[in-house]
Amino acid sequence: MENKLFKEGCTLPKKACEHKIRAIHDVMYLIGGKWKISIIACLCYGNKRYTDILNEVEGISGKMLSRELKELEMNKMIERTILDTKPVGVEYSLTDLGKSLKSVIDILADWGIAYREERKLIEEQV
């Protein structure tokens with residue numbers, strides 16, 4: 001059975017469409033989930049300590065933040081630096097790979113702002 005996307009939605013040749021979809025799956029594996037993109041977005045505006053990220057990413061628990069930071073570090077999206085302070089501090093920053101997502105984050109943010117404005121107009125009309 002042929003995928004409906006190839007019949008109706010994708011204007012690219014089938015192989016090119018499949019290639020793009022696989023690439024999107026790869027990206028979603030790396031940055032998917034509820035929190036990773038928010039953590040990356042937070043770090044787009046500078047290096048942060050754990051508690052800074054915890055305070056800026058609204059709704060995330062400490063346990064979940066720790067897990068997500070470990071996964072992002074394992075996938076080379078962020079790096080963890082131990083600071084020479086007392087008590088010892090840790091700072092997180094984007095790697096070059098993580099920084100390469102900044103333009104995507106900006107596009108997502110712009111889309112989200114437009115979506116909220118559109119929803120607000122629709123709700124005002126009801």
Side-chain angles (χ1 to χ4, degrees):
M1 178 181 220
E2 190 171 50
N3 187 325
K4 192 175 182 179
L5 174 67
F6 299 118
K7 286 184 178 178
E8 298 173 3
C10 191
T11 58
L12 298 171
K14 184 176 180 180
K15 288 272 187 206
C17 229
E18 288 172 345
H19 180 72
K20 286 189 175 268
I21 290 169
R22 276 195 310 273
I24 290 167
H25 282 268
D26 293 343
V27 170
M28 294 310 295
Y29 174 78
L30 292 173
I31 64 170
K34 186 173 180 179
W35 304 110
K36 285 188 183 89
I37 201 81
S38 295
I39 294 166
I40 293 168
C42 178
L43 292 171
C44 279
Y45 301 101
N47 301 351
K48 303 269 191 288
R49 291 180 181 226
Y50 177 89
T51 53
D52 298 330
I53 301 169
L54 189 60
N55 291 330
E56 289 185 33
V57 178
E58 191 174 314
I60 193 168
S61 70
K63 184 177 180 181
M64 181 58 73
L65 177 58
S66 293
R67 182 184 312 160
E68 298 288 61
L69 289 170
K70 284 177 188 169
E71 285 184 26
L72 288 167
E73 185 179 9
M74 183 181 70
N75 289 316
K76 309 294 185 206
M77 303 299 283
I78 66 170
E79 57 189 8
R80 179 179 185 263
T81 304
I82 298 172
L83 303 172
D84 188 22
T85 59
K86 292 192 182 185
V88 173
V90 175
E91 187 174 75
Y92 295 91
S93 60
L94 293 175
T95 61
D96 287 340
L97 182 61
K99 288 176 188 173
S100 71
L101 289 170
K102 178 130 177 37
S103 61
V104 175
I105 302 265
D106 289 341
I107 291 168
L108 283 171
D110 292 344
W111 186 91
I113 291 166
Y115 174 78
R116 281 184 176 206
E117 290 171 0
E118 181 69 22
R119 292 294 304 164
K120 185 177 178 183
L121 288 175
I122 291 170
E123 290 171 9
E124 288 174 356
Q125 293 173 356
V126 174

- line: On a heavy-atom basis, the closest approach of R49 and G89 is NH1-CA, 4.2 Å
- prompt: To the nearest 0.5 Å, how far apart are CD in E71 and OG in S66?
  reply: 11.5 Å
Cationic N near anionic O, under 4.0 Å, D106 to K102: yes
- prompt: How long is the span from the CE atom in M28 to the NZ atom in K36, to the nearest 0.5 Å?
  reply: 10.0 Å
field: Stepwise side chain to side chain contact (heavy atoms under 4.5 Å, CB included) check, L69 with Y50
entry: CA-CA 9 Å; L69 289 170; Y50 177 89; 3.8 Å; yes
task: Quick one: closest heavy-atom pair of K76 and T95, and the distance?
output: O-OG1, 2.6 Å
task: Output the distance between atom CG (N75) and atom CG (L97), rounded to the nearest 0.5 Å.
output: 9.0 Å
- line: d(R119 CZ, E124 CD) to nearest 0.5 Å is 12.0 Å
- request: Inspect the surroundings of CG in D84 and state if more than 12 heavy atoms from other residues, nucleotides or ligands are less than 6.0 Å away.
  value: no
task: Evaluate the criterion side chain to side chain contact (heavy atoms under 4.5 Å, CB included) for residue pair R22 and H19; output intermediate values, then yes/no.
output: CA-CA 5 Å; R22 276 195 310 273; H19 180 72; 4.1 Å; yes
- request: Answer yes or no: is there a donor N or O on one side and an acceptor on the other, between the side chain of S38 and the main chain of V57, under 3.5 Å?
  value: no
query: What pair of heavy atoms forms the shortest contact from I105 to C44, and how long is it?
result: CG1-SG, 4.3 Å
Spacing of I60 atom CD1 and I39 atom CD1 [to the nearest 0.5 Å]: 4.0 Å
- prompt: Where is the tightest heavy-atom contact between C42 and K48, given as atom of each residue plus distance?
  reply: O-NZ, 3.6 Å
message: Do L108 and Y29 sit in one hydrophobic cluster, given that two such residues count as connected whenever their side-chain heavy atoms are within less than 4.5 Å of each other, even indirectly?
response: yes
- request: Flag yes if V104 and I78 sit in one hydrophobic cluster, no otherwise; membership is Ile, Leu, Val, Met, Phe, Trp, Tyr, and two members link when side-chain heavy atoms are under 4.5 Å apart.
  value: yes
message: Please say yes or no: joined through hydrophobic side-chain contacts below 4.5 Å, possibly via intermediate residues, are M64 and V90 part of one cluster?
response: yes
field: Separation of I53 CD1 from W35 CH2 (nearest 0.5 Å)
entry: 13.5 Å
